[in-house]
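See structure below.
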Amino acid sequence: MTDMTKAGVFDSGVGGLSVVKSLLQDNLFEEIIYYGDTARVPYGPKDKNTIIRYALEALEFFKNFDIDILIIACNSVSAYAIKELREVAPFPVVGVIEPGVIALANNIKDKNANILITGTKATVKSEKYKNLLQARGYKNITQKATPLFVPLVEEKIYSGQIIDAAMNHYFSEINSIDALIMGCTHFPLLEKEYKKMFPNTMLIHSGNAIVEYLKYNYDLKKSKNKTDIKFYATENPSHLKEVAKEWLELPSA
Ligand code: DGL
């Protein structure tokens, strides 16, 4: 197996930085090329064919870099376009959905556990998480699209009255959840609020799940140096860099 030192990370916008944060914590790569399709975010309300087309366009961008692996941080793209990307990509492509399901299965052994999947409309509509969980024998699965969380996080609103109202709007009738998948790049930024709403629930975070998946499936050596990240966006890259500085606590981006 060849050494993997350089990763591409793709997201519909800035949200994939939550996945980058997990990659940085483990220092898995020497270099990361982050590309956000900020001109066309959000992908969540878009249909399958559009998401596949955008993902294939992003792949062309990554071909300009000598990356060893492409990580699809976006759940909506992971839900619809992994097969299409793999068919034409000259490097391995991994999405976040399978790792999320594996993380859940590693922690929740009871097949009667109550599982809640939260995500964008596209991710929920794809039923990708649901199908993979059912294939592993899980029986009690509820899905809930929670698209309002995306613009709130984009507005850097992570707590307070509006988040409380949105949480109540989506979840007031949902009880006794054993495991909850935060199936969208933006949702880990609301982890504290999810915990408040579901205090005894195991939360699955795409970033942490993909780190475990990569470590298990690929021969990755921890980088000795701090990971070097380069940021690219289809629109307003300075906004992406500002958010990166804040979310990733970078001295400069
Ligand atoms: N990155 C998207 C996802 O994880 C969320 C934002 C969007 O709707 O594009 O599904």
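Both ligands and their constituent atoms are indexed starting at 1 by order of listing.
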Which of the ligand 1 atoms, numbered from 1, are nearer than 4.0 Å to a heavy atom of Asp11: 1 (N)
Lys NZ or Arg CZ of Lys241 over Phe231 ring: under 6.0 Å, within 45°: no
Can we call the ring centroids of Phe149 and Tyr170 under 6.0 Å apart? yes
Output yes when Glu242 and Lys245 qualify as a salt bridge under the 4.0 Å nitrogen-oxygen rule, no when they do not. no
Pair Lys128 + Glu98, salt bridge at N-O below 4.0 Å: no
At under 4.0 Å between heavy atoms, which part of Asn75 makes contact with ligand 1: side chain, backbone, both or neither? both
Interfacing atoms of ligand 1 (cut-off 4.0 Å, heavy-atom, Val41): 9 (O)
Of Asp26, Thr5, Asn27, the residue whose pairing with Thr227 passes side chain to side chain donor-acceptor pair (under 3.5 Å): Asn27
Below 3.5 Å, N or O to N or O, backbone or side chain included: is there any such pair between His186 and ligand 1? no
Per-residue contact class, Thr120 against ligand 1 - non-hydrogen pairs under 4.0 Å: side chain
Atom 7 (C) of ligand 1 - nearest protein heavy atom and its distance: Tyr43 N, 3.3 Å
Can you list the ligand 1 atoms lying under 4.0 Å from a non-hydrogen atom of Ser76? 3 (C), 10 (O)
Test side-chain contact (heavy atoms from CB on, under 4.5 Å) on Arg136 and Val101; report intermediate values, then the result. CA-CA 9 Å; Arg136 285 173 176 262; Val101 168; 3.7 Å; yes
Identity and distance of the protein heavy atom lying nearest atom 8 (O) of ligand 1: Gly44 N, 2.9 Å
With a 4.0 Å cut-off on N to O distance, would you call Glu57 and Arg40 a salt bridge? yes
Ser12: numbered ligand 1 atoms lying under 4.0 Å from its heavy atoms: 1 (N), 2 (C), 6 (C), 7 (C), 9 (O)
Polar proximity ligand 1 side, Cys184 side, N/O cut 3.5 Å exclusive: no
